[in-house]
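Step one of this worksheet: look at the structure below.
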Amino acid sequence: MRAHILPILLLTLAIDATSTSAYCQKTKPKKAKSTNNHATTNTVKDSTITDSTTAVFEDSIIDRAVRENKAVGPVMLKDPKRNLPSKLWYGHTFSDSYVKKPSITMDSIPDEISITLIKDYADFCFPMKNVITSPYGWRDRWNRPHRGVDIALNTGDPVRSIFPGMVRIAKSFGGYGILVVIRHYNGLETVYGHLSRLNVKQMQVVKAGDIIGFGGSTGHSTGPHLHFEVRFQYEPFDPEWILDFKTYTLRTRKLYLNKTYFGITKPLNKNNIAYKADKSIHKERELGPTGKTTKKKQEFYVTKRGDTWEKVAKKHKVSETQLKSMNPGISGKLPVGEEIRVH
């Protein structure tokens, strides 16, 4: 290949073909073959570079390759430093040497921030549909914090990516055992610990519902389960702020993340713990069958010579009364060249 041509995609090992339809909301299963599930890491050290104005984010290229059935395996980025997810929050740092970055402090986290988790239901998948065996918070038995939730599973059960993103860690990692950490485009990172084996590599682009590994009991584990964490700016918060483990759905499309959600301390009053999810997140508008909001967008029309309330109403399929109620500032005949609301 000539030196002036920039390679965009590297298609390598095939992904497990297990259907995601039972786990994900409106996620279509993809046909693929399964080969080697044991992934190796390719550490990218933290660095700061000048972002090129000509850099093309590769989501559209990846989607086109999938539509044209050219993607037969995992999609890897050849120039990841220019195409990392959530560069607004993380810059060009993308290392597999830590889960929490040591230099990051709570001072760097905003007091409150609004995070759009998904744009439509095709961008979400429950990581493992089963009961929580150990919640987020302080563990009296071990006298230490538990920074995620433990979800029951059997060894070998598939574990899936909750949102689209890129794999930051995929290797054995201390007490986590075999670990996968994924950075998502919405600003969050998710952590999947105690796996028995991997199905992804570092720098691999994943979609919601892709199998990233298989359940197990590696690391500091008392039995098979998935240790699952959700982090923002490397700091964990209760996954139940966004996940409903009774209905296996996403509790909200937009998370209002408050700084009080971070930091686990030994509680003095167990009935009032600020960092525990209180199930009071504001619900978004319900989605229609296409994944779009059911509320119509406002539409406007510029009046022309000869237009009347009756003609404009009939043209835009609304009643004359509705049309007038949407334009209370206009009385009498319609003026020519006036922008009026029609929906």
Side-chain angles (χ1 to χ4, degrees), residues 86 88-90 98-118 124 126-128 130-152 162-163 165 168-169 173-176 179-184 186-194 219-222 225-284:
S86 302
L88 173 66
W89 293 111
Y90 301 95
Y98 51 78
V99 175
K100 172 181 169 54
K101 192 175 182 183
S103 61
I104 296 295
T105 65
M106 290 293 290
D107 294 337
S108 66
I109 299 177
D111 291 339
E112 187 173 276
I113 185 172
S114 173
I115 297 178
T116 300
L117 298 175
I118 56 170
F124 166 71
F126 219 82
M128 165 55 61
N130 214 330
V131 297
I132 292 177
T133 57
S134 182
Y136 178 94
W138 187 263
R139 276 180 164 173
D140 289 329
R141 179 182 178 185
W142 308 105
N143 198 36
R144 60 179 175 82
H146 186 224
R147 296 180 173 86
V149 295
D150 291 345
I151 307 174
I162 181 173
F163 302 119
R168 182 165 71 84
I169 300 176
F173 199 99
Y176 282 106
L179 172 71
V180 171
V181 176
I182 301 174
R183 181 172 296 173
H184 304 287
N186 58 19
L188 302 181
E189 288 194 331
T190 49
V191 178
Y192 311 77
H194 306 316
H220 298 165
S221 172
T222 57
H225 68 276
L226 172 66
H227 175 79
F228 177 74
E229 298 178 5
V230 180
R231 291 176 176 255
F232 174 73
Q233 283 281 278
Y234 306 102
E235 286 288 342
F237 61 90
D238 190 350
E240 291 195 78
W241 283 113
I242 64 174
L243 296 179
D244 188 329
F245 282 86
K246 292 183 179 180
T247 60
Y248 301 120
T249 57
L250 199 63
R251 291 181 53 209
T252 180
R253 295 195 307 133
K254 182 170 286 187
L255 171 67
Y256 300 96
L257 189 59
N258 191 287
K259 202 166 188 175
T260 60
Y261 296 176
F262 300 99
I264 301 174
T265 57
K266 190 172 184 177
L268 299 177
N269 180 4
K270 294 184 178 181
N271 295 323
N272 185 19
I273 304 174
Y275 58 74
K276 292 287 287 182
D278 60 10
K279 310 296 188 297
S280 63
I281 292 179
H282 171 70
K283 292 183 179 180
E284 298 298 307

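All of these numbers come straight from a predicted model, not from anything done at the bench. Sequence positions, counted from 1, serve as the residue numbers for this chain.
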* Kindly compute the distance separating CZ (Phe232) from OG (Ser86), expressed to the nearest 0.5 Å. => 8.5 Å
* Just wondering, do Thr116 and Asn186 contact through their side chains at under 4.5 Å, heavy atoms? -> no
* **Pair listing, salt bridge (charged side-chain N to carboxylate O under 4.0 Å, His left out) test, anchored in residues 102-117, at least two apart** => Asp111-Lys259
* Asked: If you take all heavy atoms of Tyr98 and Phe173, which pair is closest and at what distance?
  -> CA-CZ, 3.8 Å
* Structure fact -> When every non-hydrogen atom of Ile151 is compared with those of Phe245, the smallest separation belongs to CD1-CE2, 3.6 Å
* **Spacing of Ile132 atom CD1 and Leu226 atom CG [to the nearest 0.5 Å]** => 10.5 Å
* To do: Can you see which heavy atom on Leu243 is nearest to which on Pro127, and at what distance?
  => CD1-CD, 4.5 Å
* Give, for atom OH of Tyr261 and atom CG of Asp238, the distance between the pair rounded to the nearest 0.5 Å. => 10.5 Å
* Kindly indicate, with the supporting measurements, whether the criterion side-chain contact (heavy atoms from CB on, under 4.5 Å) is fulfilled by Tyr176 and Ile169. => CA-CA 11 Å; Tyr176 282 106; Ile169 300 176; over 6 Å; no
* Whether Tyr90 side chain and Gln233 backbone form a donor-acceptor pair below 3.5 Å -> yes
* From Phe124 CZ over to Phe163 CZ, what is the distance, rounded to the nearest 0.5 angstrom? -> 6.0 Å
* **Exercise: identify the closest heavy-atom pair between Ala152 and Thr133** => CB-CG2, 3.8 Å
* Asked: Got a second to check how far Phe126's CZ is from Asp244's CG, nearest 0.5 Å?
  -> 7.0 Å
* Glu189 and salt bridge (Lys or Arg N to Asp or Glu O under 4.0 Å): which partner among Lys101, Arg168, Arg231? -> Arg168
* Asked: Mind checking whether Val181 and Tyr234 have side chains closer than 4.5 Å, heavy atoms only?
  -> no
* Do Val99 and Leu179 have side-chain heavy atoms sitting under 4.5 Å apart? -> yes
* **Test item: Ser221 and His227 side chains (from C-beta on) under 4.5 Å apart, heavy atoms** => no
* Give a yes or no on whether the ring-centroid distance for Tyr136 and Phe237 is below 6.0 angstrom. => no
* Value rounded to 0.5 Å, distance of CD1 in Ile115 from CG in Leu255 -> 5.5 Å
* Any side-chain heavy-atom pair from Arg144 and Ile264 closer than 4.5 angstrom? -> no
* Full working for side-chain contact (heavy atoms from CB on, under 4.5 Å) between Met128 and Phe228 -> CA-CA 9 Å; Met128 165 55 61; Phe228 177 74; over 6 Å; no
* Criterion side-chain contact (heavy atoms from CB on, under 4.5 Å) on Leu257 and Ile109, from CA distance to verdict -> CA-CA 10 Å; Leu257 189 59; Ile109 299 177; 6.0 Å; no
* Asked: Can any side-chain N or O of His194 pair as donor or acceptor with the backbone N or O of Gly219 at less than 3.5 Å?
  -> no
* Considering all heavy atoms of both residues, which atom of Gly148 and which atom of Glu229 are nearest to each other, and what is their separation? -> CA-CG, 3.8 Å
* Structure fact -> Ser108 meets the side chain to side chain donor-acceptor pair (under 3.5 Å) criterion, sequence neighbours left out, with none
* Asked: Would you call Asp150-Arg139 a salt bridge at under 4.0 Å N-O?
  -> yes
* Where do Tyr275 and Trp138 come nearest, in terms of heavy atoms and distance? -> OH-N, 3.6 Å
